[in-house]
Protein chains: 2
Amino acid sequence: MVKNLLRGSFKLMKSMNRSLILNIIREKGPISRAEIAKLTKLTPPTVSSLVKELLQAEIVIERNLGESSGGRKPTLLTLNSKMFHVIGMDIGSQNIKTILTTITGSIIKHSIVPLPAESTRETLLSAIIQSVQSILDDTEIDEEKIVGIGVGMHGIVDANQGISVFAPNLHLHNIPIKEVLEEKFNMIVKVENDGRAMSLGELWFGNGAGIDSFVCINVGRGIGAGIIMNGKLYHGSHFISGEIGHMVIDIDGPKCTCGNYGCLQTFASGPAIVDRVKKEMRLGQSSLLSQLTEGNLDNVTGELIYKAALDGDSLCRTALQQAGRYMGVGLTNLIHTVNPRRIIIGGGVSNAGDLIMESITQTVKQRALTQPAKETEIILSKFGDDATAMGAVALILAELFTSRNTETASAL
Amino acid sequence: MVKNLLRGSFKLMKSMNRSLILNIIREKGPISRAEIAKLTKLTPPTVSSLVKELLQAEIVIERNLGESSGGRKPTLLTLNSKMFHVIGMDIGSQNIKTILTTITGSIIKHSIVPLPAESTRETLLSAIIQSVQSILDDTEIDEEKIVGIGVGMHGIVDANQGISVFAPNLHLHNIPIKEVLEEKFNMIVKVENDGRAMSLGELWFGNGAGIDSFVCINVGRGIGAGIIMNGKLYHGSHFISGEIGHMVIDIDGPKCTCGNYGCLQTFASGPAIVDRVKKEMRLGQSSLLSQLTEGNLDNVTGELIYKAALDGDSLCRTALQQAGRYMGVGLTNLIHTVNPRRIIIGGGVSNAGDLIMESITQTVKQRALTQPAKETEIILSKFGDDATAMGAVALILAELFTSRNTETASAL
DNA sequence: CTTAATTAAATTTAATTATAAACTATTTGG
DNA sequence: CCAAATAGTTTATAATTAAATTTAATTAAG
């Protein structure tokens with residue numbers, strides 16, 4: 001099998017053109033038929049007939065007439081955002097965040113359900129169902145108009161089967177999220193690793209729109225990356241692509257929870273920064289944190305460190321800078337491996353914004369091999385804390401708007 | 001632009017099916033029309049009519065009749081290997097290796113042209129032209145039947161423009177290889193980084209056939225990787241994807257030629273192993289090498305180290321094992337980032353075969369996060385020293401056999 | 001105002017290609 | 001020698017896109 005070659009057929013041809021038009025309307029709408037024809041290089045009749053079908057299916061609606069520059073006024077088309085809605089869910093280690101959005105990605109409802117300190121398979125699954133149910137109960141939108149539930153889950157996720165294979169922060173294995181949700185609610189369900197979901201979200205709505213190859217980094221308790229190549233989310237063979245938290249950057253470094261030594265995660269994750277600060281304080285380093293935490297080291301959190309750093313606390317500043325430097329080394333490794341056009345950083349640590357970013361970009365600029373590599377854009381996620389949930393929504397949109405080109409030849 | 005959506009058209013449909021058939025004949029041939037129809041799910045008439053065109057163009061020929069199991073004997077089709085030939089070239093640091101092959105990848109001619117110790121832009125370009133010319137002079141095959149020249153070049157290569165952007169081992173910049181070859185010889189010319197070319201070679205002819213996602217590692221003076229994802233070669237945004245020789249695995253490690261510290265290349269490349277052994281010997285370690293090199297440390301080479309190791313020399317054995325261990329760490333990082341299904345190792349160091357492979361696989365098994373990741377296949381290249389040249393041939397074949405699905409919509 | 005030019009959209013007609021069904025050709029096995 | 005099986009071709013059809021034409025609406029010039 002060389003290249004996944006597809007069989008050309010009328011069905012395929014039509015479905016390609018339909019999703020082409022649908023995506024143009026989604027991205028560039030309101031837009032006229034004539035403009036669609038120009039952009040897609042499809043002929044007017046082709047556009048007209050496919051649009052007619054989309055109108056009949058109520059996926060697209062005619063809005064109003066646009067401005068004319070001499071000639072008949074164009075009839076503008078948009079997606080029928082009242083017709084279809086999506087639920088996106090972000091399952092973290094402490095809570096489940098759920099959002100309800102229109103098909104264009106506008107958030108309509110928000111909900112957060114806390115997870116118990118010690119989750120079991122049962123409590124987790126019931127919390128997941130509860131999250132969806134509460135969103136459904138809390139809105140007038142007809143259940144039939146909600147087309148799917150996307151789930152972004154931390155840890156290792158089998159996206160084909162929709163199973164959370166291993167959730168390290170919850171100490172759980174093999175949770176069949178897709179199966180359970182599909183049975184309970186009659187909708188499309190897609191489950192994906194949080195970092196990968198996030199990257200799809202940035203591709204569809206965020207800072208990855210228009211970029212065909214970028215990487216999204218989710219820095220929180222762990223560090224995960226989602227890789228978009230040629231406009232497509234890449235999974236890897238066993239769903240562990242992007243596990244850069246366990247990229248070894250110091251072969252003789254400190255021991256990581258995974259058993260190896262010197263993983264990026266031991267230097268640049270949220271907990272790593274907190275630990276580092278605590279350690280320095282125990283060694284007698286003075287810091288504004290002493291006041292903020294009332295002398296109790298257990299109260300040190302990422303947020304407080306960021307706050308203290310902003311107030312000029314030098315211990316916290318250097319801790320963040322150090323983390324940024326290590327992150328910079330990790331990202332340089334990533335640039336030298338995957339060479340994305342852009343790197344988007346999201347998740348908890350991204351809240352520490354500029355302080356850490358400065359240090360990251362500087363390190364990359366210093367260490368990358370070539371000029372263009374040095375200039376790899378490194379920016380923050382557009383959605384902050386909602387990045388994974390938005391990504392979960394994008395999982396469903398990708399399913400809807402992408403012609404299922406999966407009719408591969410059986411044997412090649 | 002979300003996803004590179006294509007416009008469906010008759011041309012596209014036909015070209016998809018033509019390359020589908022062509023590829024099936026290439027891979028599974030000799031094969032009958034009926035069998036092609038079965039495998040591709042195309043209908044018999046579609047296959048017949050496309051095959052008729054291919055026969056007329058003399059790209060495919062009817063060979064002989066196959067065995068029947070009750071029914072009309074099938075007419076078997078194969079590629080017309082006498083009609084089309086390809087030149088593949090591997091530009092290394094010491095010499096240029098050139099091969100002439102049939103369209104099916106059988107090597108017909110071999111040539112090696114040494115490069116001067118100090119290459120200049122002019123000497124390199126004339127050596128390249130000379131290499132092609134000598135192959136052409138040395139064969140009866142009509143020049144018109146040679147469809148293209150593929151070039152695998154070490155260093156950073158702009159594959160779009162066909163320029164060697166930076167060749168570290170030759171200390172040269174911006175050599176317009178494609179332009180010069182196209183002007184001199186009237187053929188398709190494709191230039192690519194050696195590691196990436198190699199991976200395409202493995203995909204088309206070697207140990208990557210049938211694998212949709214794998215990584216090929218070229219270990220020599222440097223360490224480069226070619227990444228195949230979804231059956232496609234991935235370049236990265238600025239042609240430095242796969243530069244894993246400069247992946248930092250020991251942030252406080254020894255200085256690399258690139259200016260950073262602790263790059264994989266400083267531990268696991270050919271020169272790194274040689275240096276390590278020399279250093280140990282200078283420190284007074286005894287080794288079989290003392291005899292083999294007649295006491296002159298300058299004579300130590302990778303080949304001799306391997307030889308000594310095979311003879312049981314413990315210094316050399318540990319040096320190789322150590323290199324393998326570092327390589328294993330690098331590959332584990334790669335697995336946790338790209339998560340390929342298979343890793344194929346080629347280039348100079350691969351000659352040290354099992355001794356180093358053992359150590360690599362063991363390290364990966366020890367350090368990878370999940371069971372499937374631990375079991376990532378790590379094998380040697382099928383073509384040994386010819387791997388890059390074969391890859392260069394594949395560059396041309398990919399051009400020929402892949403329907404140019406590049407008619408993207410302009411604006412999306 | 002009127003008219004020509006311009007643009008948008010729809011319609012008609014033509015061309016392209018895959019597909020379905022029917023058919024011919026060949027071979028094997030009884 | 002005949003039935004069954006397999007290979008390949010022919011013919012007709014259907015599904016589309018492509019090209020050309022028509023209709024409609026609007027603007028701008030005179």
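Chain naming here is simple, since letters A, B, ... match the order of the sequence lines and numbering starts at 1 in each.
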Is the phosphate of [N], meaning OP1 or OP2, less than 4.0 Å from a side-chain N or O of [X]?
{"X": "B/Asn17", "N": "C/dT17", "answer": "no"}
{"X": "A/Ser49", "N": "D/dT16", "answer": "no"}
{"X": "B/Ser9", "N": "D/dT16", "answer": "no"}
{"X": "B/Arg7", "N": "D/dT17", "answer": "no"}

Which is more 5' along DNA chain C, the nucleotide nearest B/Pro45 or the one nearest A/Ala34? Just name the residue. A/Ala34
Taking atom CD1 of B/Ile31 and atom CG of B/Leu77, what is their separation to the nearest 0.5 Å? 8.5 Å
Lys/Arg-Asp/Glu bridge criterion (N-O < 4.0 Å) met for [X], [Y]:
{"X": "A/Glu202", "Y": "A/Arg342", "value": "no"}
{"X": "A/Arg18", "Y": "A/Glu53", "value": "yes"}
{"X": "B/Glu58", "Y": "B/Lys145", "value": "no"}

Sugar-phosphate or base contact per nucleotide [nucleotides 23-29 of chain C; S, B, -; heavy atom under 4.0 Å]: --BBBS-
When the distance from [atom1] of [X] to [atom2] of [N] is rounded to whole Å, what number comes out?
{"X": "A/Lys11", "N": "C/dT19", "atom1": "NZ", "atom2": "P", "answer": "10 Å"}
{"X": "A/Met16", "N": "D/dT17", "atom1": "CE", "atom2": "P", "answer": "11 Å"}
{"X": "B/Met13", "N": "D/dA18", "atom1": "CE", "atom2": "P", "answer": "10 Å"}
{"X": "B/Arg33", "N": "D/dG8", "atom1": "CZ", "atom2": "P", "answer": "6 Å"}
{"X": "B/Glu35", "N": "D/dG8", "atom1": "CD", "atom2": "P", "answer": "10 Å"}
{"X": "B/Leu42", "N": "C/dA18", "atom1": "CG", "atom2": "P", "answer": "8 Å"}
{"X": "A/Phe10", "N": "D/dA18", "atom1": "CZ", "atom2": "P", "answer": "12 Å"}
{"X": "B/Leu12", "N": "C/dT17", "atom1": "CG", "atom2": "C1'", "answer": "12 Å"}

Could you check A/Arg196 against A/Ser241 for side-chain hydrogen bond (donor to acceptor under 3.5 Å, both in side chains), going step by step and ending with a plain yes or no? CA-CA 9 Å; A/Arg196 279 198 281 276; A/Ser241 83; 3.3 Å; yes
Regarding A/Pro44, tell me which of base, sugar-phosphate or nothing describes its non-hydrogen contacts under 4.0 Å with the strands shown. nothing
Which part of the nucleic acid does A/Ser48 contact within heavy-atom distance under 4.0 Å: base, sugar-phosphate only, or nothing? sugar-phosphate
With side-chain contact (heavy atoms from CB on, under 4.5 Å) as the test, pick out the partner of A/His85 among A/Ile108, A/Thr139, A/Val147, A/Val393. A/Ile108
Run the side chain to side chain contact (heavy atoms under 4.5 Å, CB included) check on A/Val191 and A/Leu395 step by step: do they pass? CA-CA 8 Å; A/Val191 186; A/Leu395 288 172; over 6 Å; no
Residue A/Pro74, side-chain heavy atoms: nucleotide from D/dA7, C/dT17, C/dA8 that is nearest: C/dA8
